[in-house]
Amino acid sequence: MTVDASLAVEEAADRLEWTCLVNSTGYLAWADVIGQLRRTVSEEEATATYAERGREPPEAGWQDIEPFETRLDEWIQALGDRAQACGPRDAYPFDVSQHGLRLRGRPSPYLFQLLVSLGFTDDHHDGTTVYKLFEELSATAAGRYLGDSSPAVVFGSPRRNLPAGFREAVSHLASLLREGKACADQENLNRSQDDGLDVVAWKEFPDRRASKLILFGQCAAGRHWKKKTHELQPRRWCKRNFAGSIAVDPIPAFFVPRALSEGDASDAGTDQILLDRCRISALCLDTMDSQLDERLREWIEATLQGHRP
């Protein structure tokens, strides 16, 4: 998994993190990155325009000819931005310096999401899919975002802690929220699995009555995540699936394990709360239950096996 000068910044940054992660020394020198780029791209390719090579520029605004050092500076800046976005604690597993990238820890929230973004999607050895693991991680982040003691559940199908059937799961969710009464009485609801709703979290009052802050979230861990960016519409979901009304429309949220470019983040974060890799990592560090943390670590280790050089 090499770094190519034509890669988009965030994808290149992921590959730099991967290279550092699997390196036996836990260190990646920028001089070695430059050397690799010079070895893998011929002198003719390095001086040709993207159009002459039959490629489109990786991002709008890039000049046709760009020295490797300038590209590397952009990648290093992206890595530094991630470190800052993950917060002052150790949620970001790397140290970024002027000389290279060093692995300093192995926090499971960040590394799990990095590997998923790189395309590793094998199931956990207990049969849990990587997508369900991400939903559980997202539920943890949602609850933590609303407050330390805020409840959160994974509604996405197949369900582990809620009824398997859609009707029963909706009615159970209504009882947890104490809003919505029960599942709406419509014949076609039996054919629905989750209707696009993956995570639910809410901020409870001591009286536990209606009229409170509720978050409805959709998770997108696959390659075609952009197609799901604004699929979930909480108001429409509630009207379609609850028999009763919700006092306050739930807030939409979008969970993605990727580190997004500024443009992608702006789009995904419009009219909904965006929780990307760095935000999820910052929220979930040391706040996951021990079982989920252990399962993520097991999955990370199994994924890395056989992929180290």
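FYI, the numbering just counts along the sequence from 1.
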Should D126 and R295 count as an ion pair when the cut-off is N to O under 4.0 Å? yes
Donor-acceptor pair, K228 side chain versus C219 backbone, under 3.5 Å? yes
Do R159 and F155 form a cation-pi contact, if we require the NZ or CZ to be under 6.0 Å from the six-membered ring centre and within 45 degrees of the ring's axis? yes
Derivation of the side-chain contact (heavy atoms from CB on, under 4.5 Å) call for K212 and V248: CA-CA 7 Å; K212 53 181 167 281; V248 180; over 6 Å; no
Could K226 and D264 be called an ion pair, given the rule that one side-chain N must be under 4.0 Å from one carboxylate O? yes
Are more than 12 heavy atoms, taken from residues, nucleotides or ligands other than Q84, located less than 6.0 Å from that residue's CD atom? no
May I ask you to say whether R208 pairs ionically with E179, meaning some side-chain N is under 4.0 Å from a carboxylate O? no
Point-to-point distance, once rounded to the nearest 0.5 Å, from CG of L103 to OG1 of T25: 9.5 Å
Is it the case that the ring center of F134 lies less than 6.0 angstrom away from the ring center of F255? no
Mark yes or no for whether Q77, through its side chain, and D73, through its backbone, hold a donor-acceptor pair below 3.5 Å. no
Tell me which one of E135, Q233, E231, H230 satisfies side-chain hydrogen bond (donor to acceptor under 3.5 Å, both in side chains) with Q218. E231
For the pair S117 and E10, evaluate side-chain contact (heavy atoms from CB on, under 4.5 Å) and give the outcome as yes or no after the intermediate values. CA-CA 11 Å; S117 298; E10 299 302 340; over 6 Å; no
side-chain contact (heavy atoms from CB on, under 4.5 Å) test vs L133 passes for just one of V116, D123, T128, namely T128
Does Y145 have more than 12 heavy atoms from other residues, nucleotides or ligands lying within 6.0 Å of its OH? no
Would a line drawn from the ring center of W299 to the ring center of F120 be shorter than 6.0 Å? no
Can R297 and E301 be counted as an ion pair, charged N to O under 4.0 angstrom? no
CD of E69: more than 12 outside heavy atoms within 6.0 angstrom? yes
One thing to verify: whether R277 and D14 come together as a salt bridge, which I'm taking to mean a side-chain N less than 4.0 angstrom from a carboxylate O. yes
Would R102 and F94 count as a cation-pi pair here, with the cationic atom under 6.0 angstrom from the ring centre and within 45° of the axis? no
State plainly whether the residues D249 and K239 are in salt-bridge range, i.e. N to O under 4.0 Å. no
